[in-house]
Amino acid sequence: MKKLLALFAFIFVLTTAAYAEIKQEQGYISVNVEATEDYNPTLVKLSFAIETRDKDPEITANLNKQQSEKVINAVKALIDTTKNETIKTTSYYFNPEYSYKDGKKLTGYIAVNTLQIAIKDPNKTGKIISTALSNGANSVSGLEFILEETNDNCNLLMQKAAKGAKERAGKIAASMNTTVIGIKSINASCSTNSNYSANFRMLNSKAVADTVAEGAGVPVEMGKTKLRAYVNADFYVK
């Protein structure tokens, strides 16, 4: 008998706990809030490709080496290594090329050396593009404006979004004659949207060379980097 009573008591406790949990789960409001802020980018990454072709593989490789060294030396004169500005090769591609018009036929060779430049001064972007293109780079394959240190700004934005989530939940609850009494769950995140330029190829190197000689550079508008904080929250109401 005692065992049976104990079993009933155990079932009663489980049932009561389950009921309490179900009751607690009743009545909550979900809100999603975004907070944004614009900042000036603090880092620019550019990628250039030096592409050479010839029927002779050795000539193809040597041409690429010569043009790459010319670009690297010219750009190095514009970057400040004391500020961790860098130039490096990110990929090198060398392959035979074929024509398939009348069967597979070797037509020559292609070499592509891709360089990435990272600079801290966005105002140098246009000058560096002009310099690289006028010294042998064939194309700009990437341009990215980045906001580096975001922790403090993200924390402030997430606080702003969290406050907005609470206020929104309170207004929704009030409109339905209820009151916010607690937090069921909350998720927060923060991210940036780096600005990218469209890729373009250099078709008139003389025009760029003349521009650089005049002390100017390719016009580049860096704009702002937007920081976004998101808060998704569920609030209990009664």
Novice: Could you tell me whether D152 atom CG has more than 12 heavy atoms of other residues or ligands within 6.0 Å of it?
Specialist: no
Novice: Please answer whether the main-chain N or O of Y28 pairs with a side-chain N or O of K184 as donor and acceptor at a distance below 3.5 Å.
Specialist: no
Novice: Donor-acceptor pair, distance only, cut-off 3.5 Å: does the side chain of N64 make one with the backbone of A111?
Specialist: yes
Novice: Minimum heavy-atom separation for A132 and V75, please, with both atom names.
Specialist: CB-CG2, 4.1 Å
Novice: For the NZ atom on K120, are there more than 12 heavy atoms of other groups (residues, nucleotides or ligands in this structure) within a distance under 6.0 Å?
Specialist: yes
Novice: Hey, which of N113, T52, T89 is the one that makes side-chain hydrogen bond (donor to acceptor under 3.5 Å, both in side chains) with S68?
Specialist: N113
Novice: Do K160 and L156 come within less than 4.5 Å of each other through their side chains, counting heavy atoms only?
Specialist: no
Novice: Do T125 and F145 come close enough that some side-chain heavy atom pair is under 4.5 Å?
Specialist: yes
Novice: State, to 0.1 Å, how close I79 and K124 come at their nearest heavy-atom pair, and which atoms those are.
Specialist: CA-NZ, 3.9 Å
Novice: Given 3.5 Å as the limit, does a donor-acceptor pair link the side chain of E85 with the main chain of I119, or not?
Specialist: no
Novice: What's the separation between atom NZ in K83 and atom CG in L43, rounded to the nearest 0.5 Å?
Specialist: 13.0 Å
Novice: Are I117 and L78 close enough that some pair of their side-chain heavy atoms sits under 4.5 Å apart?
Specialist: no
Novice: For K65, give me all partners under side chain to side chain donor-acceptor pair (under 3.5 Å), at least two apart in sequence or on another chain.
Specialist: E69
Novice: Under the criterion side chain to side chain contact (heavy atoms under 4.5 Å, CB included), I'd like the reasoning laid out for N153 against E37: C-alpha separation, chi angles, the key distance, then a yes or no.
Specialist: CA-CA 9 Å; N153 294 329; E37 193 71 46; over 6 Å; no
Novice: Any non-hydrogen side-chain atom of K166 less than 4.5 Å from a side-chain atom of V180?
Specialist: no
Novice: Mind running side chain to side chain contact (heavy atoms under 4.5 Å, CB included) on K224 and N40 for me, showing each step along the way?
Specialist: CA-CA 5 Å; K224 297 283 187 176; N40 290 322; 2.7 Å; yes
Novice: What are the two closest heavy atoms between T107 and S99, and how far apart are they?
Specialist: CG2-CB, 3.4 Å
Novice: Return the minimal non-hydrogen interatomic distance between A162 and V231, and the atom names on each side.
Specialist: N-CG2, 3.7 Å
Novice: Would N95 and Y93 count as having a side-chain donor-acceptor pair, cut-off 3.5 Å?
Specialist: yes
Novice: Give me the atom names and distance for the closest heavy-atom approach of I186 to A233.
Specialist: CG1-CB, 3.9 Å
Novice: Nearest 0.5 Å, what's the CD1-NZ distance between I72 and K88?
Specialist: 13.0 Å
Novice: Nearest 0.5 angstrom please: L157 CG to T150 OG1, how far?
Specialist: 10.0 Å
Novice: Any sub-3.5 Å donor-acceptor pair from N135's side-chain atoms to A74's backbone N or O?
Specialist: no
Novice: Ignoring hydrogens, what is the shortest heavy-atom contact between P41 and P122? Give both atom names and the distance.
Specialist: O-CG, 3.6 Å
Novice: Return the CG to CG distance between D80 and D121, rounded to the nearest 0.5 Å.
Specialist: 9.5 Å
Novice: In Å and rounded to the nearest 0.5 Å, what is the CD1 to CZ distance from I128 to F48?
Specialist: 7.0 Å
Novice: Is there a path from M158 to V31 through hydrophobic residues (I, L, V, M, F, W, Y) whose side chains come within less than 4.5 Å of each other?
Specialist: no
Novice: Measure from the side-chain N and O atoms of T60 to the backbone N and O of I110, and report whether any donor-acceptor pair falls under 3.5 Å.
Specialist: no
Novice: Apply side chain to side chain contact (heavy atoms under 4.5 Å, CB included) to V140 and L46, showing your working.
Specialist: CA-CA 7 Å; V140 179; L46 308 93; 5.5 Å; no
Novice: Does the plane of the ring in F94 sit parallel, tilted or perpendicular to the ring in Y109? Use 30° and 60° as the thresholds.
Specialist: parallel
Novice: Within a strict 4.5 Å, meaning less than it, do heavy atoms of the C190 and L227 side chains meet?
Specialist: yes
Novice: May I ask whether Y92 and L115 are part of the same hydrophobic cluster, defined by side-chain heavy atoms of I, L, V, M, F, W, Y residues being less than 4.5 angstrom apart, directly or through others?
Specialist: no
Novice: Can you confirm whether E148 is buried at CD, in the sense that more than 12 heavy atoms of other residues, nucleotides or ligands lie under 6.0 Å from that atom?
Specialist: yes
Novice: To the nearest 0.5 Å, how far apart are CG in D234 and CD1 in I29?
Specialist: 10.0 Å
Novice: Whether the side chain of S130 engages the backbone of K127 through a donor-acceptor N/O pair (distance < 3.5 Å, no angle test) should be reported.
Specialist: no
Novice: Distance only, no hydrogens: is a donor on one side chain within 3.5 Å (strictly under) of an acceptor on the other, for S47 and T114?
Specialist: no
Novice: Any side-chain heavy atom of K70 sitting closer than 4.5 Å to one from Q66?
Specialist: no
